[in-house]
Amino acid sequence: MKRRTALHGLAALAAAPALAQAAYPSKPVRLIVPYPPGGTTDLLARLVAAGLGERLGQSFTVENRAGASGAIGSLAVAKSPADGYTLVMATISSHGINSALNKALPYDPLADFAPITCVASTPNVITVNAALPVKTLAELLAMARAQPGKLSFGSTSAGGSPHMSVELLKMMAGVDMVHIPYKGGGPMLTDLIGGQIPVGVDNLPSSMAHIQSGRIRALAVTTAQRWPGTPDIPTVAESGVPGYEASAWFGLLAPAGTPSPIVEQLQRGVAELLRQSAAAQRLQEMGAAPVANAPDAFGRQIAAEIAKWKKVVAATGVKVE
């Protein structure tokens, strides 16, 4: 009898972790956006938070913790308990380019995080103030060549994907433009619309409404092919810079050590959300394409991006103070 009681006790102890995981989420989940409100990362995070909240029956709260090209918010998540209640909407900047630019990055984008899924990918878009007398990227590059070092461009952050897209363009097109970094897409777009800067580069989703309203003019997208949602905007490659390609991605990560059942549950929730016609339509309107890949595939994607941008940084010699 004592042996049977002991076995029952051991079985109960073994089942406890599974029961705890099955109950996830039993309290609100924080989704950290390591950039200011109003940008693409923020827009996608709010879409995902609302969708996961509906599917998992718990509140997913978006919290903006901006700074250091996404490093501040990302570090906060890396240091959080690995229990699935603190997530980050990571980007190509925070978990790809940062590794190439910042040797003192306070987290390891691979070892310190558990990949969940890439939510969406999007081109960056090169735009100009509506009053600037250029209609094409070729005209903008001609203007830059005529006044080297005088034409400025704004981006969402120093070392971010939009910034590095232009550094790659400068190298391939042989132009010299001055970078003005902002703390997020929202502030940069405000100055671009107001004429404080002549050129702006951002992810397409956060620029889309301003392009459609005519407040800014889109010259080119940075992907290899024209984006399906904006077929009238040419690519950089077809605008006189053959071979050019750069794109952005956004995905969910948890702290390293987060239990696999929680990671898989979150990935399934995102995949189900993005299969819905309403969510797919919303992404198309924003200028983003759904991905929802498996956790291991997303991990390989991040590793490949780190390797790619290390080569670009080495070739361009760009540095971020």
Side-chain angles (χ1 to χ4, degrees), residues 31 33 35 38-52 55 62 70 87-97 115-127 156 160-162 164-165 168 185 189 201-212 218-239 244-253 266-305 308-309:
L31 175 50
V33 173
Y35 301 97
T40 301
T41 316
D42 182 66
L43 296 174
L44 289 172
R46 294 181 189 281
L47 177 70
V48 168
L52 287 178
R55 277 156 185 75
V62 173
L87 312 174
V88 63
M89 181 62 82
T91 71
I92 184 176
S93 301
S94 65
H95 285 72
I97 297 172
I116 297 171
T117 188
C118 180
V119 174
S121 64
T122 177
N124 294 322
V125 60
I126 300 171
T127 56
T156 56
S161 170
M164 295 304 294
S165 294
L168 182 60
L189 288 166
V201 188
D202 196 5
N203 311 128
L204 181 58
S206 48
S207 300
M208 183 72 84
H210 304 302
I211 293 169
Q212 292 172 336
L219 301 185
V221 292
T222 61
T223 39
Q225 288 82 36
R226 293 194 183 201
W227 202 247
T230 57
D232 56 326
I233 304 177
T235 66
V236 172
E238 66 183 291
S239 301
Y244 179 96
E245 186 276 329
S247 59
W249 53 258
F250 309 82
L252 282 184
L253 299 173
L266 290 166
Q267 191 279 333
R268 287 194 303 270
V270 172
E272 291 169 4
L273 167 66
L274 298 182
R275 281 196 296 267
Q276 280 196 337
S277 58
Q281 178 65 28
R282 176 63 181 135
L283 285 180
Q284 183 177 356
E285 291 170 354
M286 292 168 62
V291 180
N293 53 359
D296 59 344
F298 186 32
R300 291 192 297 272
Q301 179 182 347
I302 295 172
E305 289 287 356
K308 171 185 176 178
W309 288 102

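The figures that follow rest on heavy atoms only: side chains count, while hydrogens, waters and symmetry mates do not. It should be emphasised that the depicted structure is a prediction, and the values quoted were computed from it without experimental measurement.
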Side chain proximity check, Leu52 to Leu266, heavy atoms < 4.5 angstrom: yes
Distance-only side-chain donor-acceptor flag, Ser206 / Thr40, under 3.5 Å: yes
Heavy-atom pair with the smallest gap, counting every atom of Gly229 and Pro231: C-CD, 3.5 Å
ring-ring contact (aromatic ring centres under 6.0 Å, His included): pairs with one or both residues in residues 274-301, sequence neighbours excluded: Trp249-Phe298
Thr156 side, atom OG1; Leu189 side, atom CG - distance, nearest 0.5 Å: 9.5 Å
Close side-chain approach of Thr222 to Glu245, heavy-atom, < 4.5 Å: no
Chi angles and distances behind the side-chain contact (heavy atoms from CB on, under 4.5 Å) call for Thr230, Met208: CA-CA 9 Å; Thr230 57; Met208 183 72 84; 3.5 Å; yes
CD1-CD1 distance between Ile126 and Ile233, expressed to the nearest 0.5 angstrom: 11.0 Å
Test item: side-chain donor near acceptor, Ser161 and Asn203, under 3.5 Å: no
Straight-line distance of Asn124 CG to Leu204 CG, nearest 0.5 Å: 9.0 Å
Spacing of Ile116 atom CD1 and Leu87 atom CG [to the nearest 0.5 Å]: 5.0 Å
Heavy-atom pair of closest approach, residues Leu273 and Leu47: CD2-O, 3.8 Å
Nearest-0.5 Å distance, CZ of residue Arg268 to OG1 of residue Thr117: 12.5 Å
Less than 3.5 Å apart, which donor and acceptor atoms pair up between the side chains of residues 274-292 and the rest of the protein, not counting sequence neighbours?
| residue | atom | partner | partner atom | Å |
| --- | --- | --- | --- | --- |
| Gln276 | OE1 | Arg55 | NH2 | 3.1 |
| Gln281 | NE2 | Glu285 | OE2 | 3.3 |

pair Leu253-Ile302: side-chain heavy atoms closer than 4.5 Å: yes
Nearest atoms (heavy-atom pairs only) where Ile92 meets Trp309: CD1-NE1, 3.4 Å
Arg226 side chain reached by Glu238 side chain, heavy atoms, under 4.5 Å: yes
Rounded distance (nearest 0.5 Å) linking atom OG1 of Thr223 with atom OH of Tyr244: 9.5 Å
Distance-minimising heavy-atom pair for Ser93 and Tyr35: CB-OH, 3.4 Å
Minimal non-hydrogen separation, Ala49 against Leu31, with atom names: CB-CD2, 4.3 Å
Residue pair Thr235 / Gln225: nearest heavy atoms and the distance that separates them: CG2-C, 3.3 Å
Asn293 side chain vs Cys118 backbone, donor-acceptor pair below 3.5 Å: yes
